[in-house]
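Only this structure's heavy atoms are used, side chains among them; waters, hydrogens and symmetry mates stay out. Fair warning: this is a prediction, and the values are worked out from it, not measured in the lab.
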Amino acid sequence: MDEMEEIEIVIVGGGICGLATALGLHRKGIKSVVLEKSETLRSTGAGITIRTNGWCALHQLGVASNLRLTALPIQGGTDICLGNGQQQEISIEMGEIRCLRRSELITSLAESLPPGTIHLGCQVLSITLDPLSSYSIIQLQNGRTIKAKVLIGCDGANSVVADFLGLKPLKFFSLSEVRGYTEYPSGHDFKNEYTQVRGDYSMIGRIPIDNKLVYWFVTHKANPKDVVAKDPELLQQLTLETIKGFPTEMLDMVKHSDRDSLSLARLRYHAPWDILQESFRKGTVTVAGDAMHVMGPFLAQGGSAALEDAIILARCLARKRHDIDIKTNGSQVIAHKIGEALDQYVKERRMRLVRLSTQTYLTGLLIKNPPLLVRFVCNILMKVLFSDPTAHSHYDCGRL
């Protein structure tokens, strides 16, 4: 076995949340290492909508200005009911909404990090706690063993770190979603707005990224065929069948999409009542992003909430770091101080995430076209709990 390495802060997962957390720490003068299991940085999912609160976080990380150059501002929204053709305006909050290519967001975050921060091909096999120091012992598939003073799981919905913490299993919506890009070489004439068309059992949404590229998704009831729809051509065909009868411009958009960009996901969520009760910290280990609060895409807040996590976690660790004298304090004292920082992070995030996940959950129930009584109850709860449905985007995670 290789000699054990000692690293101050290890982040598992090189997605948006993991890279943003590493960058937040870097901006505070704190080194970290990102372990990504893939051989390349991952950017599945095609586009990602970043709302006002997410742009506030990106500004704190120092990458917002360049990213704004890659995407159009979204200035409104339209909802179209396929059955009766009725159109209505979608409430869009005052502020900033843009849809980014995931790959460009990932690249921007990664290129802002010091060389050597990201370690590719590092799949975590096991995590244990050192009984003497309370630090994490991380065993990797490539044979490396790492002792980390702080371990942060940003490894998504199938999180190894969340399993170590004993978090509740994720729950499933009875919905799947196909996502992709369509490029218009000569340019498109769509407005700078989000457009969605709702049928009885499916919905398609479209949002322009720039003057030639459009991001789209199709949400539909989960189908046994979803399991075998891994081939891009088959996935495209099944998606066209799902939206048969939808407007021609939507059908053409899917028909001429970039097949390499297509992905299919069964929609999952971390239940709001579980987020309210979970212990998101064990020793000096915690989680962030989808590993902490995976939610449906219905509010387009998953990415922005993960960026908030990164800012607040980096800030909490930086504040406590000033209280730690590594030369004189023993490992148990250091672990205790780190634990206090992680507890503060969880405290700041918990109720914010409960509200976000509750609103997302209720919105997801309504999308499923439930029985009249369920729809009535969901609408009442939405009005009582969320009198301003766009308030989630007004949240400010504060200065880094």
Is a side-chain N or O of [X] found less than 3.5 angstrom from the main chain of [Y], in a donor-acceptor match?
X    : Y    : result
T107 : E104 : no
R315 : C397 : yes
S304 : N53  : no
D309 : G289 : yes
S261 : Y181 : yes
S108 : L105 : no
S32  : V10  : no

Does [X] have more than 12 heavy atoms from other residues, nucleotides or ligands lying within 6.0 Å of its [atom1]?
X    : atom1 : answer
H336 : NE2   : no
K191 : NZ    : no
Q86  : CD    : no

If every non-hydrogen atom of [X] is compared with every non-hydrogen atom of [Y], which pair is closest and at what distance?
X    : Y    : result
S257 : Q236 : OG-NE2, 3.2 Å
T219 : E177 : OG1-OE1, 2.5 Å
C122 : L140 : CB-CD1, 4.0 Å
G13  : E36  : C-OE1, 3.8 Å
L129 : S134 : CD2-O, 3.8 Å
A318 : K28  : CB-CE, 3.7 Å

Please set out all donor-acceptor pairs under 3.5 angstrom arising from side-chain atoms of residues 55-63, sequence neighbours excluded.
from	atom 1	to	atom 2	distance (Å)
W55	NE1	I50	O	3.0
Q60	OE1	L400	N	2.9

Considering only residues two or more places apart or on different chains, which pairs with a residue in [range] satisfy salt bridge (charged side-chain N to carboxylate O under 4.0 Å, His left out)?
range            : answer
residues 202-220 : R101-D210, R206-E249
residues 277-287 : R281-D343
residues 53-64   : none
residues 288-300 : none

Below 4.5 Å, heavy atoms only, C-beta onward: do M292 and H270 meet side chain to side chain?
no
Exercise. Do L120 and L41 come within less than 4.5 Å of each other through their side chains, counting heavy atoms only?
Worked result: yes
Applied to residues 280-306, the ring pair (Phe, Tyr, Trp, His ring centres under 6.0 Å) test, sequence neighbours excluded, yields F173-F298
The complete set of ring pair (Phe, Tyr, Trp, His ring centres under 6.0 Å) pairs with one or both residues in residues 81-105, sequence neighbours excluded, reads none
Y215 vs F217 aromatic rings, parallel, tilted or perpendicular, using cut-offs 30° and 60°? tilted
Return the [atom1] to [atom2] distance between [X] and [Y], rounded to the nearest 0.5 Å.
X    : Y    : atom1 : atom2 : result
R102 : R179 : CZ    : CZ    : 7.0 Å
L264 : T239 : CG    : OG1   : 7.5 Å
S357 : L362 : OG    : CG    : 9.5 Å
M203 : I243 : CE    : CD1   : 12.5 Å
D252 : T182 : CG    : OG1   : 10.0 Å
I48  : I16  : CD1   : CD1   : 3.5 Å

Residue pairs passing the side chain to side chain donor-acceptor pair (under 3.5 Å) test with at least one member in residues 112-128, sequence neighbours excluded, are H119-R144
Atom pairs and distances, donor-acceptor, side-chain atoms in residues 151-169, under 3.5 Å, two or more places apart:
from	atom 1	to	atom 2	distance (Å)
D155	OD1	S159	OG	2.6
D155	OD2	S159	OG	3.2
D155	OD2	V160	N	2.8
D155	OD2	V161	N	3.3
N158	OD1	R268	NH1	3.0
S159	OG	V161	N	3.2
S159	OG	A162	N	2.8

Those residues at least two apart in sequence (or on a different chain) that pass side-chain contact (heavy atoms from CB on, under 4.5 Å) with E183 are L213
Taken in chain and number order and not counting sequence neighbours, the residues that satisfy side-chain contact (heavy atoms from CB on, under 4.5 Å) with I80 are T78, Q87, T195, V197
Under a side-chain separation threshold of 4.5 Å, the hydrophobic residues clustered together with L72 are none
